[in-house]
Amino acid sequence: MDPSNSKVDKDVADKVRFHLSKDELERQMRIIHENSDSLDGRSRASGSGTNGRSRSATSSNGLPKQESWIFESVGGYYLPNEDVAKMSLARQEQLLMRDLIYAFSGVPSSHVKPDIQVDQIAKMSAVDIAKVRFRLDEVFNGAFRALANDMLPLIGYYISVQSFIEETNMSPSCGRTRLALATAFGDQMQEYYDLQAKLETDLQEKKLNLKDLVRQVRPWLSTLKVFSNMACSSRGKLTSAQLLTLLDMFSREQKANEPDLKERVSKILGSVTRVYMKIVQLWMQKGILYDTQHEFFVEDTERSNALSSTLLTPEKCCHAYWAQRYRLHPDRLPVFLLPQADEVFLAGKYLNILRQSNVALKLLQQPLSYTPDETGHVEIIKTSYELPAGKLLEVLVQKHNLPLHLRNLRSFFLLKQEGFSETLLDKCQEQLQCNVDRLIPENLQTLLVETLQQSNDSFKDMLRCQLKDCDVATQMARRLRPEKSEEDKESSSEEDPPEVLNLCGYESLAFRYEAKWPLSFVLYPELLEQLQIVQRVLLFLRYVNRHLAVLWPTPSEVTDRAGDLRQRMLMTMLNCEHHIILDIAEPRWQSLISTVDKAKTIDEVLNKLETTVDESLRLGLLSSANTFVRALFTLGQVCLNFCGFVESAPGGSLTQELEQGILEYEEEFDSFMSSILELVRELAKTNESDEQESCKQLLKRLQEFCREPELA
């Protein structure tokens with residue numbers, strides 16, 4: 001063979017394997033045609049035995065002649081392709097299978113084209129590419145196109161998933177959860193890659209036909225469609241919790257009649273949640289918060305270099321400290337953990353409280369993972385919570401006598417201790433009548449200690465006296481008012497003149513219960529203040545009752561009108577006290593004591609105690625309306641003024657001035673009683689059902705002691 005022809009053949013063969021520019025392709029084709037004509041002339045001159053069909057189809061170097069080639073632009077370059085219309089059906093099938101295998105792997109093909117221009121695809125996002133429709137060259141046989149058309153959406157799905165994997169792996173700041181999703185996609189796609197390699201091998205070995213190719217690829221159509229939707233939805237600025245919630249939603253949407261797809265999606269979700277659930281496990285079972293990328297919904301406000309094993313001082317380790325130490329971020333919590341959110345948070349918190357209380361505890365070690373439609377993680381979370389919550393209750397009950405302290409609160413703050421309030425009021429009689437500015441708290445504390453001397457309670461020293469700087473209604477209003485910042489407090493203290501206190505000792509005297517750590521975790525100041533408000537009202541009512549009871553020791557010293565008024569006053573104050581204690585507080589405290597005896601976790605006790613105190617205040621004093629407490633104190637003050645008026649009257653016969661004064665006090669008392677009853681009736685109509693019942697009980701107790709002639 002001519003050496004020059006051999007060189008041309010090699011040059012053409014090399015060039016055809018690559019994308020050629022149009023000019024280069026035309027130049028090479030001219031060389032091919034010139035050499036082909038020369039070879040044809042030589043063949044005819046030598047009397048070659050080749051037939052005409054063979055000569056017209058191919059040249060002597062094995063390349064198709066010019067009339068059997070067409071030129072297609074792919075990505076701005078021109079590729080030489082055989083004219084499909086002139087191929088046999090077997091050759092068409094082979095060519096179509098080759099192009100489909102490449103297209104299913106994201107490789108461009110001249111016979112499988114998108115509905116939009118190639119240069120537009122380069123500017124599209126992966127989300128939009130998944131929506132692009134692809135089509136086959138119409139010159140292919142109709143039966144071939146009918147088989148292959150249904151599989152064409154697979155191309156866009158594959159490009160979308162593969163681009164998500166590559167972009168995520170190339171982005172260092174994408175987050176651990178998204179990186180785990182890309183890894184999980186890669187693991188699942190490995191089977192698809194293996195299938196592509198097998199199909200290509202079978203094609204080369206002539207072991208594959210189009211029908212078999214479609215049969216093997218079809219199961220991946222629905223799979224990659226779901227993967228593509230997951231990848232598209234997972235793009236953008238999503239938190240780890242939002243991404244996990246989204247994947248969980250995809251998992252739950254899968255139908256049971258596609259078990260293979262449902263299992264694949266479940267595996268992806270299980271793999272992606274592994275990182276987050278590891279944080280949950282470490283927090284719940286060790287009390288350690290390891291969250292460098294701020295993905296977890298619990299954030300520790302302590303310095304990152306602070307050692308959790310370092311014991312805090314008793315002054316710092318209190319309920320307020322633990323209430324503020326951890327900051328919760330609900331937006332970082334996946335939806336599938338929402339029902340267990342409290343248990344997750346409290347488990348780690350209680351482990352750290354026990355650690356700060358120097359309590360030894362054998363920690364749980366159970367792997368925690370999430371699988372949709374299964375409850376294994378729920379049981380582990382429950383066990384992880386119950387261990388520290390139960391241990392904390394055990395420590396408070398057995399080592400710190402929590403039940404006894406709760407009984408002390410009931411005895412002292414609800415004045416249930418026999419003879420306690422009477423003895424204290426006797427000893428403090430002179431001080432309680434003075435203005436609060438003239439009282440010395442230490443003197444009142446001394447009298448309280450003397451009152452408690454006969455008590456056998458080993459914790460009686462924890463009860464302290466306190467003089468409040470406001471009345472009860474103001475204290476209740478302050479609880480509902482948002483706290484001021486330090487700057488606001490300083491500015492208000494500079495601008496506002498000091499308030500002159502116009503309170504007597506019996507209005508200001510209050511009790512404090514100084515619970516130490518860890519007891520103060522349950523008996524914390526905010527809770528005790530609510531109970532203190534109830535105590536102040538009860539002590540005031542008891543004080544008024546005492547004054548009314550000692551008025552006129554003998555019946556001969558009182559007129560019928562005055563005696564009747566004094567009796568109605570006494571019964572009114574007594575029934576108000578009985579309503580608060582017997583109707584509201586006492587049944588709830590009995591239930592609380594029973595709960596403590598049966599409880600298995602600290603939250604059962606804490607929640608019951610908070611509910612008991614809240615209902616004692618809300619239902620007993622109708623705290624939703626401060627006007628009731630103000631009216632109650634005003635009514636009590638009317639009774640005290642009446643006592644003072646009668647005691648200051650000259651002895652001997654009944655004077656007209658005394659009779660007129662008693663008549664005025666009777667009208668004033670009935671007027672205030674009518675106002676209070678009307679207020680309670682209104683509250684019974686507007687409040688919640690439990691408050692309505694409380695109002696009805698109070699009305700039933702008080703109505704008989706009020707005379708309303710104008711309403712009769």
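Please read these numbers as outputs of a predicted model, since none were measured by experiment.
A search for side-chain contact (heavy atoms from CB on, under 4.5 Å) contacts involving Gln242 returns Leu238, Thr239, not counting sequence neighbours. In this view, Asp187 satisfies the salt bridge (charged side-chain N to carboxylate O under 4.0 Å, His left out) rule with no residue, not counting sequence neighbours. Residues passing the salt bridge (charged side-chain N to carboxylate O under 4.0 Å, His left out) test with Glu299, sequence neighbours excluded: Arg327. Contacts of Lys391 classified as salt bridge (charged side-chain N to carboxylate O under 4.0 Å, His left out), with partners at least two apart in sequence or in another chain: Glu394. By the side-chain contact (heavy atoms from CB on, under 4.5 Å) test, Gln190 pairs with Tyr193, Asp194, sequence neighbours left out. Listed by chain and residue number, nothing satisfies the side chain to side chain donor-acceptor pair (under 3.5 Å) test with Ser251 (two or more places apart in sequence, or in another chain). The side-chain contact (heavy atoms from CB on, under 4.5 Å) test applied to Leu527 returns Tyr524, Gln530, Leu609, Glu610, Val613, not counting sequence neighbours. The side-chain contact (heavy atoms from CB on, under 4.5 Å) search around Leu333 returns Tyr276, Phe297, Leu337, Leu338, Ala341, not counting sequence neighbours.
Note on Arg325 versus Glu302: no salt bridge recorded, every NZ/NE/NH1/NH2 to OD/OE distance being 4.0 Å or above. Between Asp471 and Arg536, none of the side-chain N atoms (NZ, or NE/NH1/NH2) sits under 4.0 Å from a carboxylate O, so this pair counts as no salt bridge. Look at Arg479 and Glu526 and you find no salt bridge, because none of the NZ, NE, NH1 or NH2 atoms lies under 4.0 Å from a carboxylate O. A salt bridge does not link Lys382 with Glu343: none of the charged nitrogens is closer than 4.0 Å to a carboxylate oxygen.
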(request) I would like to know whether Arg478 and Asp469 meet salt bridge (Lys or Arg N to Asp or Glu O under 4.0 Å); could you show each step before the answer? (result) CA-CA 12 Å; Arg478 285 177 180 175; Asp469 61 352; 3.3 Å; yes

(request) Given salt bridge (Lys or Arg N to Asp or Glu O under 4.0 Å), test Glu191 with Arg264 step by step and report yes or no. (result) CA-CA 11 Å; Glu191 292 185 35; Arg264 288 182 184 277; 2.9 Å; yes

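Here the side chain of Thr245 pairs a donor or acceptor atom with the backbone of Val335 at under 3.5 angstrom. Gln532 places a side-chain N or O within donor-acceptor distance of the main-chain N or O of Phe511, the cut-off being under 3.5 Å. Listed for the Asp300 side chain is no donor-acceptor partner under 3.5 Å among the backbone atoms of Tyr326. A donor-acceptor pair under 3.5 Å links the side-chain atoms of Trp283 to the main chain of Val344, judged by distance alone. At distances below 3.5 Å, not a single donor-acceptor pair connects side-chain atoms of Thr177 with backbone N or O atoms of Ser240. In this structure, the side chain of Ser271 does not engage the main chain of Ile268 through any donor-acceptor pair within 3.5 Å.
Pairs engaging residues 327-347 under the ring-ring contact (aromatic ring centres under 6.0 Å, His included) rule: Phe336-Tyr370 [sequence neighbours left out]. Sorted by first and then second residue, the side chain to side chain donor-acceptor pair (under 3.5 Å) pairs involving residues 330-341 (not counting sequence neighbours) form an empty list. Annotation: salt bridge (Lys or Arg N to Asp or Glu O under 4.0 Å) contacts involving residues 366-380, sequence neighbours excluded, comprise Arg252-Asp373, Lys262-Asp373.
Using a 4.5 Å cut-off on side-chain heavy atoms (C-beta onward), Val629 and Met476 make contact. Between Leu621 and Ile533, some side-chain heavy-atom pair lies under the 4.5 Å cut-off. Two residues are said to be in side-chain contact when any heavy atoms from C-beta on lie closer than 4.5 Å; Leu152 and Arg133 fail this criterion. Counting heavy atoms from C-beta on, the side chains of Gln281 and Gln366 never come closer than 4.5 Å.
Checking Asp614 against Thr611 by side-chain atom types alone, no donor-acceptor pair falls below 3.5 Å. Side-chain polar atoms of Ser163 and Arg235 form a donor-acceptor pair below 3.5 angstrom. Checking Tyr513 against Asn408 by side-chain atom types alone, a donor-acceptor pair falls below 3.5 Å.
Lys460 NZ to Ser411 OG: the interatomic distance, rounded to the nearest 0.5 Å, is 13.5 Å.
Of all heavy-atom pairs between Gln535 and Ala510, the closest is OE1-CA, 3.5 Å.
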Taking only distance into account, with no hydrogens and no angle test, what donor-acceptor pairs under 3.5 Å do side-chain atoms of residues 583-603 form with protein atoms, sequence neighbours excluded?
from	atom 1	to	atom 2	distance (Å)
Asp583	OD1	Arg701	NH2	3.3
Asp583	OD2	His579	ND1	3.3
Asp583	OD2	Arg701	NE	2.8
Glu586	OE1	Arg410	NE	3.3
Glu586	OE2	Arg410	NE	3.2
Glu586	OE2	Arg410	NH2	2.7
Glu586	OE2	Gln590	NE2	2.8
Arg588	NE	Glu615	OE1	2.6
Arg588	NH1	Ile584	O	2.9
Ser591	OG	Lys608	NZ	3.0
Thr595	OG1	Ser591	O	2.9
Thr601	OG1	Glu604	OE2	3.4
Asp603	OD1	Tyr350	OH	2.6
Asp603	OD2	Tyr350	OH	3.0
Asp603	OD2	Tyr385	OH	2.6

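The aromatic ring centroids of Phe227 and Phe185 lie less than 6.0 Å from each other. Phe104 has its ring centre no less than 6.0 Å from the ring centre of Tyr158.
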